[in-house]
2 protein chains.
Amino acid sequence: MSPRKADTRPLYVKVHAALVERIRSGQWKAGQLIPNEFEIAAEFKVSQGTARKAIGALAAANLVVRHQGRGTYVYEHTPDDIVFRFINFFDASGARAAFTNRNAKLTAGKATAAERHALGLSKGARVLRFARQRIANRKVLVIETAVLAKVVFPNLGDLADTLDTLYDVFQKTYGILVTRTEERLTAVGADARAAAELGVAVGTPLLRIERTAFTIDDRPVEWRVSHCHLKGVHYLARTR
Amino acid sequence: MSPRKADTRPLYVKVHAALVERIRSGQWKAGQLIPNEFEIAAEFKVSQGTARKAIGALAAANLVVRHQGRGTYVYEHTPDDIVFRFINFFDASGARAAFTNRNAKLTAGKATAAERHALGLSKGARVLRFARQRIANRKVLVIETAVLAKVVFPNLGDLADTLDTLYDVFQKTYGILVTRTEERLTAVGADARAAAELGVAVGTPLLRIERTAFTIDDRPVEWRVSHCHLKGVHYLARTR
DNA sequence: CAGTGGTCTAGACCACGTG
DNA sequence: ACGTGGTCTAGACCACTGC
């Protein structure tokens with residue numbers, strides 16, 4: 001009773017899908033050199049141009065990095081990425097703002113309704129909450145809490161000390177690649193806790209950023225809420 | 001004394017640059033059908049594949065729209081674009097928020113230092129300021145002022161009544177196409193004027209959005225400052 | 001030097017929209 | 001039926017990297 005629908009997708013789309021699956025499944029690991037265009041073309045019985053188009057789509061989606069003369073490598077978070085990618089804070093001169101972390105604290109608990117909704121969890125699911133302060137110019141500019149499904153990140157507690165660069169741990173320890181984020185921004189007044197941590201008066205206007213991070217198969221794996229008191233720094237969004 | 005540097009750029013880049021110039025200069029106008037791939041290939045003495053790659057880059061930059069079976073058309077703001085493109089407000093259900101305008105007011109004056117910096121103007125330059133309130137669900141959620149260089153938009157005052165869809169006027173009346181925007185977001189407390197217009201208390205946290213709009217040759221043509229009191233609406237930014 | 005990605009060609013055929 | 005963009009091939013050559 002199979003529908004027996006012919007797969008009419010273009011060849012390069014099929015090849016692309018097959019290559020994505022190799023990265024998603026971990027058959028091709030972060031940082032690994034993948035076969036060259038001719039080898040992939042031969043394997044899928046297509047021309048080099050078609051294989052090239054499939055690989056190009058991987059590169060456009062940041063799943064691989066191509067280097068002329070060297071080869072094509074599965075994307076891997078680099079020290080620069082870890083600090084800058086997905087971070088949209090800039091100072092007045094237009095330079096990216098870099099943060100260091102402080103007072104990191106990892107706790108576990110039952111997911112709230114909001115957390116279940118953001119991460120697509122069912123009732124009773126347990127989550128990990130990773131709270132920290134983010135510092136620039138010796139001032140606490142941001143306080144944030146990242147929420148993760150416990151079932152997705154077992155034994156994360158053992159790594160609590162090294163949890164500086166979260167997405168790097170996701171990739172290297174759990175094989176989970178964050179490919180895109182959505183951030184929802186609003187303005188709120190500081191509550192008592194935020195005011196204390198940021199060193200401002202209660203009610204001070206803060207930028208509230210609610211981020212959802214998605215994996216390669218587009219499922220939410222992290223829900224992060226930040227409250228920001230930005231002195232000389234702003235959030236930058238580009239639209240085309 | 002010409003440097004006589006050989007132009008080593010790939011063919012498709014040269015063709016692409018030539019086509020961009022035709023759109024920038026107005027030789028090809030908004031909404032116009034452009035020649036097909038083979039005609040462009042013949043004109044530049046390249047193969048169809050190379051012409052195709054050049055046109056593809058135009059499409060990727062939103063300068064043209066391609067329709068299989070119909071042809072390739074120079075990009076033109078559509079009713080939907082006018083309302084939604086470059087607008088990043090969404091409601092809780094994930095739907096785009098649409099606004100209507102009210103109390104629009106156009107004034108002229110000498111550019112302030114901040115306005116000169118944002119628009120790249122020299123001292124003494126004159127600007128037009130277009131202020132308005134933006135309404136959703138019968139509530140004023142946003143007040144904003146758009147600043148334009150007077151020399152770029154002569155006689156804009158005559159159009160004050162029809163200034164609802166600003167970028168559409170830029171394109172249709174002045175041949176200026178907005179291709180991208182940058183928005184800087186911070187949180188501020190409502191001042192007396194904002195509080196009055198938005199119907200909130202002084203000091204209420206507002207989202208402040210400072211937008212610079214760029215043309216096809218990447219020069220700033222509009223500087224817009226908005227103050228937003230977002231009830232049930234948020235600003236959405238996507239990062240890859 | 002060999003090996004890789006990047007460009008380019010000439011030609012074929014397919015898929016879609018319109019008359 | 002025709003004209004358009006979209007896919008695909010087979011092969012050539014160029015540009016860059018690293019040994």
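What you see is a predicted model; the values in this text were computed from it and never measured.
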Starting from [atom2] on [N], measure out to [atom1] on [X] and report it in whole angstrom.
{"X": "A/Glu37", "N": "C/dT7", "atom1": "CD", "atom2": "P", "answer": "10 Å"}
{"X": "B/Ile34", "N": "D/dG3", "atom1": "CD1", "atom2": "C1'", "answer": "15 Å"}
{"X": "A/Arg52", "N": "C/dG3", "atom1": "CZ", "atom2": "P", "answer": "19 Å"}
{"X": "B/Ile40", "N": "D/dG5", "atom1": "CD1", "atom2": "C1'", "answer": "12 Å"}

By the ring pair (Phe, Tyr, Trp, His ring centres under 6.0 Å) test, which pairs, at least two apart or in different chains, include something from residues 31-57 of chain A? none
Under 3.5 Å, side-chain donor or acceptor atoms of residues 26-35 of chain A against the rest of the protein: list the pairs with distances, not counting sequence neighbours.
residue	atom	partner	partner atom	Å
A/Lys29	NZ	A/Gly26	O	2.7
A/Gln32	OE1	A/Lys29	N	2.9

Produce the list of close N/O pairs, under 3.5 Å, pairing protein atoms with atoms of nucleotides 8-13 of chain C; give distances to one decimal.
residue	atom	partner	partner atom	Å
C/dC8	OP1	B/Leu11	N	2.3
C/dC8	OP2	B/Leu11	N	3.2
C/dC8	OP2	B/Tyr12	N	3.2
C/dT9	OP2	B/Ser47	N	2.8
C/dT9	OP2	B/Ser47	OG	2.9
C/dT9	OP2	B/Thr50	OG1	2.6

Check ring pair (Phe, Tyr, Trp, His ring centres under 6.0 Å) between A/Phe86 and all other residues, then give those that pass, not counting sequence neighbours.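 Counting only residues at least two positions away or on another chain, A/Phe86 forms a ring pair (Phe, Tyr, Trp, His ring centres under 6.0 Å) with A/Tyr167.
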Output all residues satisfying ring pair (Phe, Tyr, Trp, His ring centres under 6.0 Å) with A/Phe90, sequence neighbours left out; order by chain, then residue number.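 If we apply the ring pair (Phe, Tyr, Trp, His ring centres under 6.0 Å) test to A/Phe90, skipping adjacent residues, there are no hits.
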Check B/Ala149 against B/Leu119 and note the closest heavy-atom contact, atom names and distance. N-CD1, 3.9 Å
Pairwise N/O distances under 3.5 Å, protein to nucleotides 14-19 of chain D:
residue	atom	partner	partner atom	Å
D/dC16	O4'	A/Gln68	OE1	3.2

Pairing residues for A/Arg238 by the side-chain hydrogen bond (donor to acceptor under 3.5 Å, both in side chains) criterion, not counting sequence neighbours: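 Testing A/Arg238 for side-chain hydrogen bond (donor to acceptor under 3.5 Å, both in side chains), a comparison that skips the adjacent residues, returns none.
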Applying side-chain hydrogen bond (donor to acceptor under 3.5 Å, both in side chains), name anything that partners B/Thr239, two or more places apart in sequence or on another chain. A/Asn88
Do any side-chain nitrogens or oxygens of B/Arg66 fall under 4.0 Å of OP1 or OP2 in D/dG6?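 For D/dG6, OP1/OP2 do have a side-chain N/O of B/Arg66 under 4.0 Å.
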Show me, pair by pair, the donor-acceptor contacts under 3.5 angstrom made by side chains of residues 49-64 of chain B, not counting sequence neighbours?
residue	atom	partner	partner atom	Å
B/Thr50	OG1	B/Ser47	OG	3.4
B/Arg52	NH1	B/Glu37	OE2	2.5

